[in-house]
Amino acid sequence: MKIPDIKIALEGETGYLTGLHFTQEELTKIRSLVTSSWLLNISNKTSPQIAEQFEAAGINRYHDLAHLLDHGSMWPKVSRILNPDAVAEIRGMSLMRTLEDEFGHFEISDEDNVGYEEIYWRLVRPNSPTDVGPFHADAWFWDLGHGITPPGCKRVKVWIAIYCDPGKDGFKFVPGSHKQEWPYHGELKNGITKPKIDVSDDELDVVIFNSQPGEAIIFNDGLLHSGALGRGETRVSMEFTMFVKNENYYT
């Protein structure tokens, strides 16, 4: 797939692209990197003994033991950002090389000022509405002051399923929604101003990304999206924001 095709997908009628994925071997490694980050945070904030219980259960069964933690305060975004070595390892994987081939060299954002490129993961427990936010466009976070886009660059968002129940949980979105302006306002939550849409979900034509583990959706950061709840396992995903040079994006 060439750059004009991706541009058509992201800037055209749909606003997204699917079909790119990590290899099974790479997915296994990513799961290990995410699990290590997850366990380290549990150990640091509770005890090594409790972390051992979670390790035995596995990250996709996190919800079975989540009552042992204060879930609400355990997982701010800064606690879910992979370390620089993990980011470097993922940067060398096949999906990233494909993105480089199509978009040229790109940077990954560091809107939380951790000092390096941010690739972060997310946990969503089954039947837990508080684990997902309302429909939003990622562009709204930037408009509200979350990070600075380098001059001459276009933002592109990438979301990858790590553990999921295909077609039942993961990423839900509104195709073509990047083509219009949506009313929203900022609300202060846990010390951070976050966008909240002023439209009911019932007014949106929502679809769910039928993702397989390791598969990515690349999307325009004006696309409306949210998390979809499952019924079985804890859903684990990974995401990041690309800064693509305008001359590579608008070719």
Side-chain angles (χ1 to χ4, degrees), residues 18-69 71 74-100 106-110 112 114-126 128 131-132 157-166 168-171 209-218 227-228 230 232-242:
T18 61
L20 299 181
H21 54 82
F22 290 101
T23 67
Q24 187 59 49
E25 182 179 359
E26 290 168 341
L27 174 61
T28 298
K29 182 59 181 179
I30 290 170
R31 285 176 167 176
S32 175
L33 294 172
V34 170
T35 297
S36 294
S37 175
W38 169 68
L39 290 172
L40 180 61
N41 193 62
I42 293 173
S43 180
N44 288 342
K45 292 185 177 181
T46 58
S47 70
Q49 292 74 29
I50 290 179
E52 288 175 1
Q53 294 182 56
F54 280 91
E55 182 176 17
I59 192 170
N60 57 322
R61 303 302 304 179
Y62 163 78
H63 57 282
D64 291 336
L65 298 176
H67 62 279
L68 300 176
L69 311 171
H71 176 86
M74 177 67 71
W75 305 112
K77 183 184 173 187
V78 292
S79 296
R80 297 180 280 108
I81 299 172
L82 293 171
N83 65 48
D85 289 340
V87 171
E89 188 158 4
I90 293 170
R91 267 289 211 167
M93 293 182 179
S94 60
L95 186 146
M96 307 298 274
R97 293 196 301 270
T98 297
L99 292 175
E100 292 272 0
F106 61 86
E107 296 180 10
I108 294 176
S109 68
D110 174 22
D112 294 280
V114 297
Y116 58 90
E117 295 183 324
E118 294 181 13
I119 298 178
Y120 54 99
W121 48 271
R122 185 184 301 272
L123 298 169
V124 175
R125 296 168 293 176
S128 297
D131 287 2
V132 297
K157 190 66 183 285
V158 181
W159 182 98
I160 305 109
I162 304 303
Y163 288 95
C164 68
D165 189 0
K168 297 180 180 178
D169 67 3
F171 185 94
F209 173 34
N210 188 23
S211 56
Q212 298 296 321
E215 188 177 3
I217 180 169
I218 305 166
E233 296 186 332
T234 291
R235 185 259 287 173
V236 184
S237 58
M238 187 175 76
E239 56 194 283
F240 57 90
T241 299
M242 302 164 55

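Predicted model only: the values in this text are computed from it and were never measured. Note that these values count all heavy atoms, side chains included, but never hydrogens, waters or copies made by symmetry.
Listed for the Ser32 side chain is no donor-acceptor partner under 3.5 Å among the backbone atoms of Thr28. Distance alone, capped at 3.5 Å, places no donor-acceptor pair between the Gln53 side chain and the Leu65 backbone. The backbone N or O of Val114 sits less than 3.5 Å from a side-chain atom of Asp110, completing a donor-acceptor pair.
Between Arg235 and the choices Ile162, Leu123, Val124, the side-chain contact (heavy atoms from CB on, under 4.5 Å) rule is met once, by Val124.
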From CA spacing to verdict: side-chain contact (heavy atoms from CB on, under 4.5 Å), His71, Asp131: CA-CA 9 Å; His71 176 86; Asp131 287 2; 3.2 Å; yes

I would like to know whether Val236 and Thr35 meet side-chain contact (heavy atoms from CB on, under 4.5 Å); could you show each step before the answer? CA-CA 10 Å; Val236 184; Thr35 297; over 6 Å; no

Residue pair Tyr163, Arg31: steps toward the side-chain contact (heavy atoms from CB on, under 4.5 Å) verdict: CA-CA 8 Å; Tyr163 288 95; Arg31 285 176 167 176; 3.4 Å; yes

As a quick check of understanding, evaluate side-chain contact (heavy atoms from CB on, under 4.5 Å) for Ile218 and Leu20, giving each step before the final call. CA-CA 9 Å; Ile218 305 166; Leu20 299 181; 3.3 Å; yes

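Ring geometry for Phe171 versus Phe209: interplanar angle over 60°, hence perpendicular rather than tilted (30 to 60°).
Rounding to the nearest 0.5 angstrom, the gap separating the CZ atom in Phe54 from the CG atom in Leu68 is 5.0 Å. The distance from atom CD of Glu107 to atom CE of Met242, rounded to the nearest 0.5 Å, is 11.5 Å. Here the OG1-CE distance, from Thr46 to Met74, works out to 5.5 Å after rounding to the nearest 0.5 Å. Taken to the nearest 0.5 Å, the CG atom of Asn60 stands 11.5 Å off from the CG atom of Asp165. The NE2 atom of His21 lies 12.5 Å from the CD1 atom of Ile160; values are rounded to the nearest 0.5 Å.
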Side-chain polar contacts of residues 76-85 - donor-acceptor pairs under 3.5 angstrom, sequence neighbours left out - could you list them?
residue, atom, partner, partner atom, Å
Lys77, NZ, Glu111, OE2, 3.0
Lys77, NZ, Asp112, OD2, 2.8
Lys77, NZ, Glu118, OE1, 3.2
Ser79, OG, Lys45, NZ, 3.0
Arg80, NE, Trp75, O, 3.0
Arg80, NH1, Trp121, O, 2.7
Asn83, OD1, Asp85, N, 3.1
Asn83, OD1, Ala86, N, 2.8

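A cation-pi arrangement is present between Arg91 and Phe106 under the rule of less than 6.0 angstrom and at most 45 degrees off the ring axis.
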